[in-house]
Each structure stands twice: as C-alpha cells, then as structure tokens.
Engineer: 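Take a look at this one; I'll ask things after.
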Amino acid sequence: MQSTAPSAATSAASGPDFASSYRSHTCGELRAGDAGSQARLAGWVHRRRDHGQLIFLDLRDRYGITQVVIDEGDSPEAHAAATRVRNEFVVAVVGTVARRLPGTENPRLPTGEIEVQAGSITILNESKTPPFYVNEPDAPIDEALRLKYRYLDIRREPLASRLLLRSRLVHAIREVHHAHGFVEIETPNLIKATPEGARDFIVPSRLQPGEVYALPQSPQQLKQLLMVAGVDRYFQIARCFRDEDLRGDRQPEFTQLDLEMSFVDQDAVMDFVETMIVEVSRTTVPDRPIQDVPFPRLSYEEAMTRYGSDKPDLRFGMELVDLGPALRGDDGTPASGFRVFDETLAFGGVVKAIVAPGLAGSSRRETDELVELAVRFGARGLVHMAVEADGGVRTPIAKFLGEGGAERLAAAAGAVAGDLVLVVADRPKVAHDVLGRLRAELGTRLGLADENALAYCWVYGFPMYEWDEDLGRWHATHNPFSGVLPEDEPLLVTASGDPARPSPDDPAGRARAMQYDVVLNGWELGGGSVRIWRRDLLERSLALQGHSFEGMREKFGAMLEAFDYGAPPHGGIALGIDRWAALFSNQTNIREVMAFPKTQSGSDLMLEAPSRPEPEQLAELGLRFVGPKSETAG
RNA sequence: GGACCCGUGGUGUAGCGGCCCAACAUGCCAGCCUGUCACGCUGGAGAUCGCCGGUUCGAAUCCGGUCGGGUCCGCCA
C-alpha cells in the first residue's frame with residue numbers, strides 16, 4: 001500500500017505470523033535495522049524502472065512496497081528475469097537487505113531507507129496489461145470498469161484500505177459485544193416472507209414445489225424469538241436483503257449489526273448502544289472526534305421543527321426559523337400583506353425559513369435553481385430574500401410586504417448582511433421536509449460541516465403509525481412490532497371503536513412509539529425499538545394496521561404462539577454496517593466500502609449476475625417464465 | 001414507474017455539422033541508459049467515436065430509439 005495510508009495495516013501484525021518458502025517478510029516490513037540480513041519477498045510488481053544494467057522493481061503486497069534492485073553484474077539470471085517482468089506480474093525475490101546509498105533514500109515509503117539486492121527473481125505468474133492503473137491510487141476510472149475488475153480495484157490502495165477499515169470496525173463491534181455479555185447467534189437466510197416493509201427476495205423450494213422461501217429483510221422476528229428463548233443479549237453481523245430500487249446508500253443485500261436485549265426499557269437500550277458506539281468509534285477511527293458525548297437526544301417533534309429532518313446533520317446550525325410571529329399583526333391575525341403567507345397561516349400552515357450564509361450575492365440563475373430544487377422537494381414555491389451590505393433586503397415579494405417589511409422579516413429570521421433567507425409556506429409536514437432537504441443540500445454545498453467530526457444523535461418519540469392515503473389505513477412507521485410509550489397505550493384505538501374501520505382522525509395517529517434512531521452526520525445509521533411483548537397489545541397494534549386475526553396467524557404464527565409462552569420485555573436495534581463504514585471513511589456511497597457491490601440496476605458486473613436459469617433448473621422447480629420476457633417458456 | 005447526466009485508442013480526457021480515416025496525456029511495444037522511485041531519451045503500434053435507425057451533399061458532432069453506468073424523485077427504514 002501507499003505511504004499515505006499508514007493506518008491500513010494496523011490491525012494485523014505488520015507481517016505474516018508464518019513465513020513460507022515464498023516469503024520471510026512482507027513488503028511493508030523491512031527497516032534499516034534489517035540491513036545485512038537475507039530476505040525472501042513475494043508480491044506484485046508495482047512498477048519497474050529499467051536503467052539498463054540496473055533495474056529497480058517496486059514490489060507490492062497488502063502491507064506495503066519494497067524496492068528491489070537488480071544489478072546485472074551481481075546476478076545475470078535475476079537481471080534477465082527482471083527484464084522480462086511487467087506490471088502486476090507475481091514474483092518472488094531472494095536477496096540481501098541493504099541500506100540505500102546516502103541521498104537515495106525515499107522518505108515517502110516506510111521501507112524507504114532500505115532496498116533488497118536481488119540474488120534471484122522468480123516469476124510466479126505473469127499478468128496481462130491491466131485494464132486500468134493498479135499503481136496509481138488517484139487515477140479516475142469509470143466505476144463500471146472498477147466493478148467488472150473488482151479484484152484489481154481491491155488491489156489498489158484506496159479500496160483495500162477501506163476494506164481493512166471495515167474489518168477493524170466489525171472486529172471492534174464483536175469485541176465490545178462479547179465484553180458486555182452478548183451472545184453471537186446466526187439466524188437462517190431461508191425464511192418466511194414478511195407482510196410489511198420492503199419487497200422480499202423469493203427463493204423457490206425444490207422439495208416443496210409451488211412454495212417459496214423469502215430472504216430476510218432483517219432477522220427481526222428471529223431475534224425476538226431468541227429473547228423468548230432466554231438468550232437475554234443477542235447480536236449478529238447479519239446479511240439482509242430487500243428487493244427495492246437502489247441508491248448510493250442502499251444495496252439489495254447489505255449488512256446490519258443486529259442486537260436485542262431482554263428486561264430493558266428504552267433508556268437501557270439507548271445507553272448500551274451509545275456506549276458501544278463510542279467504544280467502537282474510538283477504537284476504529286481514533287483520530288476522529290465525537291462531537292457530543294452523551295449524544296444529543298431529540299424528540300421527533302423537535303428534530304422536525306428545528307432541522308426539518310428526522311436525521312439531522314448536527315455538524316452545523318442553520319436551524320429552521322418560524323416566521324409566524326413576525327407575520328402576524330398586533331391582534332394575532334396574519335397581516336404580512338403577502339397573500340401566500342397570510343393564507344397559509346390562516347389555514348393552519350406555517351411559514352418557516354433557513355438562512356444561507358454568504359449567498360446574498362446569488363445571481364438570478366442561482367436563485368432560480370434553488371426554487372427549482374425546492375419544488376422538486378415538494379414545495380409549491382420558495383421565497384428568497386437577500387440581505388445586502390447596506391442592510392437593505394432584495395426580494396421578489398418586496399412590494400407586498402410594505403415599507404420596511406422585508407427588512408423586518410429578514411431580521412426575524414436572524415439574517416445579517418450577506419445572507420440569503422429562504423422561506424417556505426406550506427403545511428408543517430411539507431415546509432419542514434423541504435427546508436430540511438434544502439438545509440442538507442446547502443450545508444454540503446457551502447462546506448458547513450466539519451469533515452472530520454462524528455456528530456451522533458438520537459431521535460426518539462416517533463409516531464406509532466402513519467396514515468396511508470392509498471390504502472385508507474394506518475401503517476407502522478418503523479416495524480410492526482414496535483412498542484408504544486406506556487402513557488400513550490390508551491390511544492391505540494380508532495374513533496369508531498372498530499379497528500376495521502380506521503380514519504385519519506383516530507387517536508392512534510397521536511400515539512408515540514418506543515422507537516429510536518441513531519443518526520450520524522445526517523445519515524440514518526440505524527433504528528430500533530422496545531417491542532410489544534404483551535400479546536394483547538400486539539394484537540391491538542396489528543389490528544390497527546389492517547391485519548385480520550387469521551392473517552396474523554398466517555404471517556406471524558410463530559411469534560404469536562411464542563408470546564403465549566412467557567415473552568420477556570425486550571428491545572433492540574439494528575445499525576447499518578455499510579453506512580457506518582462509509583461514514584468512517586468519508587465516502588458518500590456504500591459501494592466504496594463493499595468488496596463486491598451491485599450496480600443501480602442490481603447487476604454484478606463481475607459475475608454477470610443475475611443470469612438466465614437453465615431450463616432444467618426451472619423444470620426441477622416447476623417454474624416457467626410468462627409474459628413479455630418468456631423465451632424459455634415451456 | 002419518472003426526471004436528469006454520461007458513453008471517443010487499454011485508461012482518462014479534448015473535439016460538438018465539413019479544417020477529424022479524430023487530438024492530448026498516460027499506458028503498451030521496441031531500442032538506449034548503473035541510482036531510480038510517476039526515472040529519462042528515441043522510435044512505433046493502437047479508436048470508424050456504445051449499438052440501431054433517421055436528418056443532411058456531408059454526422060463523433062443534430063434527432064429518435066435502444067443498451068450500459070451514475071445522480072435524484074417515487075419506492076425503501
């Protein structure tokens with residue numbers, strides 16, 4: 001690896017424990033103190049510098065790079081081999097470690113004080129010219145090419161060091177959990193479909209034709225059953241599968257740290273998880289400061305009101321400001337003069353703003369782009385107000401606001417000279433969401449966030465249910481087994497009294513869940529809950545979500561049955577390992593911390609998966625293709 | 001399901017209606033070179049511009065479709 005990433009090999013020893021006939025040392029190991037000794041090295045040819053009678057080879061393995069010198073006068077055979085060698089050939093070198101001549105040391109390599117004077121060079125394997133530069137870590141390469149030749153991409157320093165970081169992360173996670181009495185248990189990947197949440201991946205059964213397994217979206221039900229089983233503290237580094245459209249932070253298969261604890265309340269889970277996260281962070285990325293310990297705990301309401309997001313990036317301020325008070329007259333009625341604002345307020349909406357520092361000088365084109373962005377985020381419009389150096393305010397709605405009205409409004413938003421105030425008037429949900437997204441976008445564009453900081457926080461007190469307009473019923477905002485805050489238990493009813501006849505005005509809409517998300521730098525790292533562990537409450541909750549009793553038996557039979565045999569109070573959480581590793585390595589895309597990720601259309605460009613099944617495979621499963629894609633039908 | 005961006009020697013880019021059977025860098029091949037470390041010098045090979053169709057006297061360049069990759073909305077916790 002390159003000298004720029006000394007941390008890459010820190011978790012393993014600097015060399016292999018077991019020398020072999022191929023090598024006595026790794027390519028990152030030899031130092032000035034080894035001068036005079038014999039060494040056997042093996043690795044890939046990183047670069048060759050041919051000076052005629054003298055040839056230099058940079059030999060690379062995961063641990064580093066060591067310079068090998070071949071002098072034709074010392075060993076004609078080695079020189080002949082070195083002449084034939086090309087980049088990425090695999091070679092074994094036997095030679096003498098020697099201090100470099102004064103003035104020829106390379107301070108950029110940890111091994112730069114020495115070189116190996118080759119007595120013999122063996123070509124273990126040749127290599128075609130690689131499709132991209134393996135030896136230049138900064139060279140830009142089309143990602144599709146990197147994915148097709150992933151094994152060459154992993155040879156390169158950047159991806160290799162990220163995978164090592166991820167390995168250290170997972171190692172730290174295991175250590176902390178074992179230290180706190182957690183039991184690591186594997187759960188099956190061939191399970192039963194779950195009705196809620198994402199689309200399942202389906203695996204047809206050969207032994208039971210016509211029936212299918214589903215791949216787990218998470219080990220949710222299984223870990224709850226482990227609590228009923230008395231495991232008390234469980235964790236797993238679990239692979240999960242969801243058949244939904246991909247994003248930079250979403251792959252069809254991904255890895256979760258899944259954990260569950262018995263006899264806990266919400267604070268107990270949050271306290272352990274917070275301790276665990278701090279320990280893991282300090283071990284894995286010791287150079288990165290954690291912004292606040294203990295983590296700030298924001299209620300959902302507070303997060304939405306102040307940041308317009310349930311996953312706020314707390315590395316910078318730019319909080320949402322309520323302009324309502326400034327827009328009302330002395331008698332409390334909306335009287336700004338701008339009809340959109342006044343009517344929004346009169347009909348129960350809000351007028352809120354964020355202040356973008358330094359953007360007052362934005363051109364028409366730039367402000368238009370912000371308006372367009374707001375509309376794409378769901379706003380009907382966006383008002384901008386630029387505070388100029390002399391304190392005057394430039395805004396398209398100046399004429400409606402009256403003399404000094406724009407200035408008073410900008411002041412109410414807390415803007416100073418040079419700032420651009422962005423105002424959205426809408427239903428609270430929409431206004432918060434739009435401003436929250438604008439805040440995140442502008443925070444990135446303006447570089448407001450400290451790249452090095454780790455700003456963890458908790459968001460809790462989510463609503464239990466959201467009204468589903470399309471289906472005309474309630475559905476769980478997280479998972480259907482989340483518990484309800486004890487004081488909100490009476491709210492788990494419909495106004496009609498019949499759970500089969502829900503309406504958006506039901507008391508259930510006000511019930512808050514014992515649910516909590518961990519947020520890191522504006523990314524949802526994970527979420528969990530204290531579960532409904534009493535059967536009566538579980539049935540009430542599921543009924544509110546439109547599950548009939550018969551349907552419940554069908555879908556959740558094992559859990560319902562288990563809950564008749566003494567389920568302890570329990571709760572847990574799941575954290576996205578891919579996202580965590582990506583954030584730790586300052587990547588915005590989880591593909592950059594996965595060895596073999598898939599493209600946005602779900603393809604593995606290296607293996608060329610998915611692919612057509614053999615007709616015999618289909619026949620064995622009793623399947624055939626139908627519809628427009630059926631060419632192998634029959 | 002939808003919007004937008006990208007696709008030119010091995011790689012990364014330039015060219016965006018005739019000056020282009022395509023330029024630059026790097027890589028590759030050959031030769032020379034005993035202290036380099038992105039070694040250097042000399043010479044050479046290598047792309048019909050993702051694919052299909054259209055517009056035009058003329059297309060890498062314009063239009064339509066399609067395939068592949070990416071970002072985003074929906075979806076997803």
Side-chain angles (χ1 to χ4, degrees), chain A residues 2-3 46-59 65-74 79 83 86-88 98 100-109 111-112 115 117 128-149 152 196-200 217-218 220 240-252 254 256 310-311 372-373 375-378 437 441 459 462 466 470 475-480 482 515-519 523-529 573-576 579 588-589 591 598-601 603 605 608:
Chain A
Q2 302 288 292
S3 56
H46 188 69
R47 226 180 271 281
R48 186 177 74 107
R49 291 179 293 281
D50 187 344
H51 289 248
Q53 291 179 60
L54 197 65
I55 297 175
F56 297 95
L57 293 183
D58 289 340
L59 199 62
I65 291 175
T66 299
Q67 174 167 286
V68 177
V69 206
I70 304 98
D71 189 327
E72 189 174 22
D74 293 347
H79 186 270
T83 301
R86 292 295 180 271
N87 282 352
E88 301 310 314
R100 294 197 188 183
L101 301 174
T104 67
E105 301 90 349
N106 186 345
R108 285 180 299 168
L109 286 181
T111 61
E115 63 195 4
Q117 295 171 335
K128 297 210 290 192
T129 301
F132 51 79
Y133 305 99
V134 175
N135 54 14
E136 288 184 17
D138 299 326
I141 308 158
D142 182 63
E143 194 180 354
L145 201 64
R146 291 175 54 206
L147 290 173
K148 180 173 179 185
Y149 297 95
L152 295 179
E196 288 292 300
R199 191 178 293 116
D200 285 314
Q217 296 179 25
S218 77
Q220 183 64 35
C240 306
F241 306 86
R242 289 176 190 162
D243 189 8
E244 295 292 347
D245 288 0
L246 283 73
R247 283 287 192 287
D249 61 350
R250 277 169 16 204
Q251 284 269 314
F254 58 100
Q256 279 188 347
D310 60 0
K311 45 181 180 180
E372 189 187 317
L373 200 60
V375 169
R376 191 143 51 84
F377 291 154
R437 290 179 187 225
E441 175 66 27
V459 178
F462 290 84
E466 263 175 349
D470 298 333
H475 76 265
T477 54
H478 270 64
N479 78 61
S482 289
Q515 236 167 245
Y516 32 80
D517 280 1
V518 192
V519 176
W523 277 31
E524 183 192 331
L525 190 59
S529 63
I573 199 166
L575 304 183
R579 290 182 182 180
T588 55
N589 196 309
R591 291 191 298 272
K598 292 176 177 57
T599 69
Q600 194 156 44
S601 55
S603 299
L605 295 180
E608 298 184 314

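Every chain is numbered from 1 and lettered A, B, ... according to where its sequence line falls, protein lines coming before strand lines. Note: hydrogens, waters and symmetry copies are ignored here, and every other heavy atom, side chains too, is used.
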Engineer: What I want to check is whether an N or O donor and acceptor connect the side chain of A:Arg242 with the base of B:C75 at under 3.5 Å.
Structural biologist: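 By the distance-only test, no, there is no pair.
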Engineer: Counting any heavy atom closer than 4.0 Å, what does A:Ser601 reach on the DNA or RNA strands: base, sugar-phosphate only, or nothing?
Structural biologist: sugar-phosphate
Engineer: So, is A:Arg49 near the phosphate of B:C33, with a side-chain N or O under 4.0 Å from OP1 or OP2?
Structural biologist: no
Engineer: Can you check the A:Arg48 CZ to B:G40 C1' distance for me, whole Å?
Structural biologist: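 Taking atom C1' of B:G40 as the reference, CZ of A:Arg48 is at 14 Å.
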Engineer: Between B:G68 and B:C52, how far is it from one C1' atom to the other, in whole Å?
Structural biologist: 15 Å
Engineer: Verify the contact: side-chain N or O of A:Arg100 to OP1 or OP2 of B:C37, cut-off strictly under 4.0 Å; return yes or no.
Structural biologist: no
Engineer: Take atom P in B:C24 and the same atom in B:G43, then report the distance between them in whole Å.
Structural biologist: 14 Å
Engineer: Using a heavy-atom cut-off of 4.0 Å across all strands, would you classify A:Asp74 as base, sugar-phosphate, or nothing?
Structural biologist: nothing
Engineer: Under the 3.5 Å rule, do the base of B:G35 and the side chain of A:Glu115 count as making a donor-acceptor pair?
Structural biologist: yes
Engineer: Which residue lies toward the 5' end of RNA chain B, A:Ile141 or A:Phe56, if each is placed at its nearest nucleotide?
Structural biologist: A:Ile141
Engineer: Within less than 4.0 Å of OP1 or OP2 of B:U36, is there a side-chain N or O belonging to A:Gln67?
Structural biologist: no
Engineer: Kindly say whether, by distance alone, the side chain of A:Asp50 makes a donor-acceptor pair under 3.5 Å with the base of B:C39?
Structural biologist: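 Counting by modelled atom types and ignoring angles, no donor-acceptor contact under 3.5 Å is found here.
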Engineer: Ignoring the backbone of A:Arg47, work out which of B:G10, B:C39, B:A77 is nearest its side chain.
Structural biologist: B:C39
Engineer: Rounding to a whole Å, what distance do you find between A:Leu246:CG and B:C76:C1'?
Structural biologist: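 A:Leu246 atom CG is separated from B:C76 atom C1' by 10 Å.
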Engineer: Can you tell me if A:Asn135 touches the phosphate of B:C37, counting only side-chain N or O atoms and a distance under 4.0 Å to OP1 or OP2?
Structural biologist: no
Engineer: Would you measure the distance from the C1' atom in B:U11 across to the matching atom in B:C67 and give it in whole Å?
Structural biologist: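 22 Å, rounded to whole Å.
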Engineer: Checking contacts here: which listed nucleotide (B:G12, B:C73, B:U36) is nearest the side-chain heavy atoms of A:Pro140?
Structural biologist: B:G12
Engineer: Could you check whether A:Arg250 gets within reach of a base, just the sugar-phosphate, or nothing at all, counting any heavy atom under 4.0 Å?
Structural biologist: base
Engineer: Of the listed nucleotides (B:C72, B:G74, B:G27), which one gets closest to any side-chain atom of A:Thr129?
Structural biologist: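 The listed nucleotide nearest to A:Thr129's side chain is B:G27.
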Engineer: When the C1' atoms of B:U61 and B:G50 are considered, how many whole Å apart are they?
Structural biologist: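 Result for the C1' pair: 16 Å, nearest Å.
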Engineer: Quote, to the nearest angstrom, the P distance that separates B:C33 from B:A38.
Structural biologist: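 Here B:C33 and B:A38 have their P atoms 24 Å from each other.
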Engineer: Can A:Phe132 be classed as stacking with the base of B:U11, given a centroid separation cut-off of 5.5 Å and a plane angle cut-off of 30°?
Structural biologist: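 No, the aromatic ring of A:Phe132 does not stack with the base.
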Engineer: Would you say a side-chain N or O of A:Arg146 is under 4.0 Å from OP1 or OP2 of B:G69?
Structural biologist: no
Engineer: Can you see if the side chain of A:Arg247 gets near the phosphate of B:C73 - specifically, an N or O under 4.0 Å from OP1 or OP2?
Structural biologist: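 A:Arg247 to B:C73 OP1/OP2: side-chain N or O found under 4.0 Å.
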Engineer: For B:C33, is there a stacking contact with A:His51, counting only centres under 5.5 Å and planes under 30°?
Structural biologist: no
Engineer: I want to verify a distance call: between B:U71, B:C72, B:G1, whose nearest atom is closest to the A:Asp245 side chain?
Structural biologist: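 Nearest to the side-chain atoms of A:Asp245, counting from C-beta on, is B:G1.
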Engineer: Using heavy atoms to find the nearest nucleotide of RNA chain B for A:Arg579 and A:Val69 separately, return the residue whose nucleotide is more 5′.
Structural biologist: A:Val69
Engineer: Taking the C1' atom of each, how far is B:C28 from B:G64, in whole Å?
Structural biologist: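 Comparing C1' positions in B:C28 and B:G64 gives a spacing of 39 Å.
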Engineer: Given the C1' atoms of B:A47 and B:C5, what is the spacing between them in whole Å?
Structural biologist: 24 Å
Engineer: Whole angstroms only, please: what is the CG-P distance between A:Asp71 and B:U34?
Structural biologist: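 The distance from CG of A:Asp71 to P of B:U34 comes to 10 Å, rounded to the nearest Å.
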Engineer: Taking N and O atoms by type only, does the side chain of A:Asn106 place a donor or acceptor under 3.5 Å from a partner on the base of B:C37?
Structural biologist: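 Counting by modelled atom types and ignoring angles, a donor-acceptor contact under 3.5 Å is found here.
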Engineer: Can you check whether A:Thr599 has a side-chain N or O nearer than 4.0 Å to OP1 or OP2 of B:G69?
Structural biologist: yes
Engineer: Please report, rounded to the nearest Å, how far the P atom of B:G12 is from the CG atom of A:Leu145.
Structural biologist: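 The distance from CG of A:Leu145 to P of B:G12 comes to 6 Å, rounded to the nearest Å.
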Engineer: I'd like to know if A:Asp142 reaches the base of B:G7 with its side chain, counting only an N/O donor and acceptor under 3.5 Å.
Structural biologist: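 There is none.
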Engineer: Can you tell me, in whole Å, how much space there is between the C1' of B:G44 and that of B:U34?
Structural biologist: 27 Å
